[in-house]
Amino acid sequence: MNEDKGNPSATSAPLDFIRRIVADDLRTGKWGGRVVTRFPPEPNGYLHIGHAKSICLNFGIAEQFGGVCHLRFDDTNPTKEEEEYVNAIIEDVRWLGFDWGEHLYFASDYFQQMYDYAEQLIRAGKAYVCDLSSEEVRLSRGTLTEPGRESPYRNRSVEENLDLFRRMKAGEFPDGSRTLRAKIDMASPNLNLRDPVMYRILHAEHHRTGAAWCIYPMYDWAHGLEDSIERVTHSICTLEFEDHRPLYDWFLDALGVYHPRQIEFARLNLSYTVMSKRRLLQLVREGYVSGWDDPRMPTLSGLRRRGYTPESIRNFCYSLGVAKDDGVVDVARLEHSVRDDLNRRAPRVLAVLRPLKLVVENYPESQVEEMDAINNPEDPGAGTRKVPFSRELYIERDDFREHPPKGYFRLSPGREVRLRYGYFVTCTDVVKDGGGEVVEVRCTYDPASRGGNSPDGRKVKGTIHWVSARHAVPAEVRLYEHLFTRPDPDDVPEGEDWTSNLNANSLEVVAAYVEPGLARAKAGERFQFERLGYFCVDPDSKPGAMVFNRTVSLKDTWAKVEKKR
RNA sequence: UGGGGAGUAGUUGAGUUGGUAAAACGCCUGACUCUGGAUCAGGAGGCCGAAGGUUCGAAUCCUUCCUCCCCAGCCA
């Protein structure tokens, strides 16, 4: 099939800084020849294209260096996490093409061990139960420039801490009344080290552990332990956790346990869209889109429904590289990678998005011919098919101009064009409605040009697509544009927010006609509508009521030329 | 303002021990073509954030400065 391009495992491309670290570690035997990475999503939303970069990195490294990559749910906050999300995440990672084998884990499975480690830290005098409220903690934490103040509970005895912590676990105290904190340094310039909270009390039902726990570990405390327990070698995360690394290291050192190396890289940002889970959730909840899998969403489920292939997303991610400066990637690159993939594999078909009737005056009224059409010029093995041709056809409105501009070489009065796989036709007349709108075009055909070539060798510049009016299948086609009108959704006037940059025209529904063979196409099937773009059958599609999504248009140099005028 | 990061073509990014700047996408030409697609061949585009310094020589080393991002959740 389609080999991933740009994946260092498949090319001689220079290694990125993370792969270089892995390769060095392998050479020096630092981890005993093991390579263990992990992708640790929190099940509080759907995966998006930014996660795909992380997935490709982690699974890609494991694959390339003969290691393994774990899929681990970081489910330490029962108030935000749901099973629906874990199922969707599993489906998405699998769809993207990765396999974690036996290595499916849940942080919640480690709760008991984490608890035991916490007691160990208490006994070592490195953690204490604090009775301050969250407000009081906030006030005593200090600011960016001023040190914090130590909690009055900071020096409780080990016995008292142990007793209180056990009672926290036993459910004796209400939410928010106490926390377990690490005893580090309230004056540290790194705020993360100012006695961070390790456990909070949350009497909440967890999607996996139910009511077994009422204290839940915080990210900083839990994450390193998860990595340690799984004997991860390289714990790869995004830049915002760079500040947390000293804490990651502190916990593991304080415990004296197996200690992976955390490495940070820049997350992916894409132009014309938003990527934060909070904002994606807002788009869903407030009805700006139809759901997490709305084809306009940058979620993997949205891209899948839109018609993106896993290969194209992987190739896109590999083409990005891995570095530490965060910028914004032009969506045009994502679009390029689907075109590149679909060009090679998508069967071509004829479809007319905005129909204009074309009557071939000298073509016999009742005649129908089956024309031979090539399924995919990029893939000779794809074969050919028959497409019916008759006297009345539909052509694209855009392919006729009563007054053609310079450089236009499609149909217009007196002009001859080729109907793809059909005949040469010459426009003889137009029919207009009361408002002067062209509602029908008349033409004559050259019977000698059957199939698309004329025996006298004369050339025509334009080739347009068409569909037989009598045989065509009506279909709903959903045309998508960028979700936002500006590359940076946050680029708004004073007082407005990112939602004011939502593109009102991001979805246009059109009543189209497609060639008859498409009547049986199944959800998820992808096609190239010749000269238009790549389209995918939507799950909403039903026999007799086909629905297609436009994945991406074809490059259109004529549109570009026209736009410049 | 304290701490942590980052600054190389429009974008993403190579450039690992200093020798004077890859590539991809985008853009512009042209060729070819029964998709104005694809393909092929060319091209434009960078004072390597700035200023000093070291050196025969600096994107790479030193100094100072500037800009951008992250951190004051009992979120992850």
Side-chain angles (χ1 to χ4, degrees), chain A residues 5-6 13-17 20 40-42 44 74 76-77 79-80 130 132-135 137-139 141-148 175-181 188-194 196-202 216 218-220 222-223 237-246 264 266 268 271 277-278 316 319-330 332-337 339-340 343-344 348 350 373-374 377-378 407-410 418-422 424 451-453 459-465 528-533 553-561:
Chain A
K5 298 186 301 182
L15 298 181
D16 58 68
F17 82 99
R20 199 134 53 199
E42 182 191 11
N44 68 342
D74 206 0
T76 57
N77 185 352
T79 66
K80 291 187 175 171
C130 179
L132 257 23
S133 68
S134 58
E135 176 70 0
V137 168
R138 186 174 64 75
L139 291 172
R141 185 156 24 230
T143 67
L144 294 179
T145 53
E146 308 159 67
D175 287 4
S177 59
R178 280 176 233 261
T179 57
L180 182 72
R181 295 226 260 163
S188 172
N190 180 343
L191 301 247
N192 296 124
L193 264 20
R194 320 244 261 225
V197 171
M198 295 164 62
Y199 276 94
R200 74 282 214 189
I201 300 173
L202 243 34
Y216 289 91
M218 296 288 291
Y219 170 87
D220 287 304
H223 206 85
C237 61
T238 42
L239 255 25
E240 68 270 28
F241 292 105
E242 215 148 13
D243 285 352
H244 295 243
R245 193 173 62 228
E264 311 82 14
L268 168 67
S271 61
K277 281 194 196 169
R278 206 201 101 247
F316 168 71
S319 79
L320 259 21
V322 181
K324 294 189 72 159
D325 50 299
D326 55 350
V328 180
V329 175
D330 191 337
R333 293 183 53 170
L334 213 211
E335 294 167 348
H336 166 265
S337 83
R339 284 195 191 99
D340 185 53
N343 173 50
R344 277 173 283 138
R348 319 280 128 131
L350 300 180
I374 294 168
E378 303 294 318
Y408 184 85
F409 44 83
R410 276 110 96 149
R418 170 169 38 234
L419 293 177
R420 172 140 248 223
Y421 301 128
F424 283 11
N453 287 296
K459 303 281 186 199
V460 293
K461 259 207 223 134
T463 297
I464 65 177
H465 58 276
Q528 182 195 96
F529 287 2
E530 292 214 31
R531 302 207 309 131
L532 297 172
S553 63
L554 246 32
K555 281 175 66 177
D556 187 346
T557 51
W558 168 245
K560 214 180 291 177
V561 168

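Chain identifiers are assigned alphabetically (A, B, ...) following the order of the sequence lines, protein sequences preceding nucleic acid strands; residue numbering begins at 1 within each chain.
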Student: Roughly how many Å is it from CD in E264(A) to P in G4(B), rounded to a whole number?
Tutor: 13 Å

Student: Given G15(B), is OP1 or OP2 found less than 4.0 Å from the side-chain N or O atoms of R20(A)?
Tutor: yes

Student: Nearest-nucleotide wise, let me know which of G462(A) and A266(A) is further upstream toward the 5' end of RNA chain B.
Tutor: A266(A)

Student: Under 4.0 Å between a side-chain N or O of R141(A) and OP1 or OP2 of G2(B)?
Tutor: no

Student: Main chain of G176(A), side chain of R200(A): is a donor-acceptor contact present, judged purely on distance under 3.5 Å?
Tutor: no

Student: Any N or O donor-acceptor pair under 3.5 Å from the base of G3(B) to the side chain of E242(A)?
Tutor: no

Student: How many Å lie between CG on L191(A) and P on G73(B), as a whole number?
Tutor: 9 Å

Student: What contact category does L132(A) fall into here, base, sugar-phosphate, or nothing, at under 4.0 angstrom with non-hydrogen atoms?
Tutor: base

Student: Considering every strand and a 4.0 Å limit on heavy-atom distances, what is the contact class for F409(A): base, sugar-phosphate, or nothing?
Tutor: base

Student: Given the C1' atoms of G53(B) and G26(B), what is the spacing between them in whole Å?
Tutor: 39 Å

Student: If you go through the side-chain atoms of R410(A), does one of them form a donor-acceptor pair with the base of G36(B) closer than 3.5 Å?
Tutor: yes

Student: Can you tell me which nucleotide in A38(B), C25(B), G2(B) comes closest to the side chain of R333(A)?
Tutor: C25(B)

Student: With hydrogens left out and only the distance checked, is there a donor-acceptor pair under 3.5 Å joining E378(A)'s side chain and the base of U39(B)?
Tutor: no

Student: Would you classify V460(A) as touching base, sugar-phosphate or nothing, given that sugar-phosphate means primed atoms plus P, OP1 and OP2, and contacts are heavy atoms under 4.0 Å?
Tutor: nothing

Student: If you measure from the C1' atom in C71(B) to the same atom in A51(B), how many Å do you get, rounded?
Tutor: 31 Å

Student: So, are R344(A) and D340(A) salt-bridged, with charged N and O less than 4.0 Å apart?
Tutor: yes

Student: Heavy atoms under 4.0 Å, any strand shown: does P377(A) hit a base, just sugar-phosphate, or nothing?
Tutor: base

Student: Take atom NZ in K461(A); do more than 12 heavy atoms of anything else shown fall under 6.0 Å from it?
Tutor: no

Student: Check whether any side-chain heavy atom of F316(A) lies under 4.5 Å from a side-chain heavy atom of V329(A), and answer yes or no.
Tutor: yes

Student: Can K80(A) and E42(A) be counted as an ion pair, charged N to O under 4.0 angstrom?
Tutor: no

Student: What's the closest nucleotide to the V137(A) side chain, out of C71(B), C74(B), C27(B)?
Tutor: C74(B)

Student: To the nearest Å, give me how far apart NZ (K324(A)) and P (U16(B)) are.
Tutor: 18 Å

Student: Take atom CG of D175(A) and atom C1' of C74(B), then tell me their distance rounded to the nearest Å.
Tutor: 10 Å

Student: Counting distance alone, no hydrogens or angles: does the base of G7(B) have a donor or acceptor under 3.5 Å from a partner atom on the side chain of D325(A)?
Tutor: no

Student: Whole angstrom is fine here: how far is it from NZ in K459(A) over to P in U35(B)?
Tutor: 11 Å

Student: Atom CZ of R339(A) and atom P of A24(B): how far apart are they, to the nearest Å?
Tutor: 18 Å

Student: R138(A) side chain: which of G73(B), U1(B), G5(B) is closest?
Tutor: G73(B)

Student: So what does L320(A) touch, heavy atoms closer than 4.0 Å: a base, only the sugar-phosphate, or nothing?
Tutor: sugar-phosphate

Student: Describe the nucleic acid contact of R181(A) in one word from base, sugar-phosphate, nothing, applying a heavy-atom distance below 4.0 Å.
Tutor: nothing

Student: Could you tell me the separation between the CG atom of L532(A) and the C1' atom of A38(B), rounded to a whole number of Å?
Tutor: 16 Å

